[in-house]
**Q** 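The structure that follows is given in the form of structure tokens.
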Amino acid sequence: AALLFARARQIAEETSQLVDAVMIEYLRTLPTPLPTLPPEEEAELYALQNLSDDALWTIAREQMPDDLQVRMQDLMDKNSMGTIVSGEYSELEALVERGQRLMVRKSEAAAILTQRGHNVTPKDMTFSD
């Protein structure tokens with residue numbers, strides 16, 4: 001999982017995109033059906049269908065907090081250099097998993113918005129003031 005995020009970050013840098021946009025595009029290319037999610041995550045995604053468009057846009061634009069992104073990047077760099085310690089590796093795994101869950105929620109919100117007739121682009125998937 002950390003490898004996937006690192007590759008997405010590299011593609012984002014090379015293409016001047018946000019990591020979120022790269023991950024969302026990757027998720028859209030996966031063959032269906034997607035792997036089965038834990039029941040609580042399936043229920044959460046299913047419940048998104050009942051939300052208003054405004055609530056879905058909020059979810060679609062959600063970002064991992066900056067401090068967690070910086071920490072994850074630091075840990076990924078340590079992992080790449082081979083200087084990460086056991087506790088840090090567990091923390092990295094947890095942050096990557098959190099980021100993946102966020103990407104799935106964002107993708108589902110975007111898919112529902114698209115089904116409702118909205119044009120959702122990667123640029124729309126970022127928070128704007």
**Q** Any side-chain heavy-atom pair from V104 and E41 closer than 4.5 angstrom?
**A** no
**Q** Out of curiosity, N79 CG to D74 CG, how far, rounded to the nearest 0.5 Å?
**A** 12.5 Å
**Q** What heavy-atom pair brings Q63 and R61 nearest, and what distance separates the two atoms?
**A** NE2-O, 3.3 Å
**Q** Below 4.5 Å, heavy atoms only, C-beta onward: do R71 and E88 meet side chain to side chain?
**A** yes
**Q** Measure across A60 and A109 and return the closest heavy-atom pair with its distance rounded to 0.1 Å.
**A** N-CB, 4.0 Å
**Q** Which residues satisfy the side chain to side chain contact (heavy atoms under 4.5 Å, CB included) test with P65, sequence neighbours excluded?
**A** D67, L68, R98
**Q** Rounded to the nearest 0.5 Å, what separation is found between the CD atom of Q69 and the CE atom of M76?
**A** 11.5 Å
**Q** side-chain contact (heavy atoms from CB on, under 4.5 Å), that's the test. Do E91 and M72 meet it? Break it down for me.
**A** CA-CA 8 Å; E91 182 183 358; M72 185 165 54; over 6 Å; no
**Q** Can you find a pair of side-chain heavy atoms, one from T114 and one from I112, that are under 4.5 Å apart?
**A** no
**Q** If two hydrophobic side chains count as joined below 4.5 Å and joins carry through other members, does L113 share a cluster with L18?
**A** no
**Q** Ignoring hydrogens, what is the shortest heavy-atom contact between L102 and M64? Give both atom names and the distance.
**A** CD2-N, 3.5 Å
**Q** If we ignore hydrogens and angles and just use 3.5 Å, is the side chain of K106 paired with the main-chain N or O of I59 as donor and acceptor?
**A** no
**Q** Would you name the heavy atoms of I84 and L75 that are closest together and state the gap between them?
**A** CD1-O, 3.7 Å
**Q** If you look only at distance, which donor and acceptor atoms sit under 3.5 Å apart when one is on a side chain in residues 43-55 and the other is two or more places apart or in another chain?
**A**
residue : atom : partner : partner atom : Å
S52     : OG   : A55     : N            : 3.1
D53     : OD1  : R116    : NH1          : 2.6
D53     : OD2  : H118    : NE2          : 2.7

**Q** Would you please name every residue forming a side chain to side chain contact (heavy atoms under 4.5 Å, CB included) with A8, sequence neighbours left out?
**A** V19, V22, M23
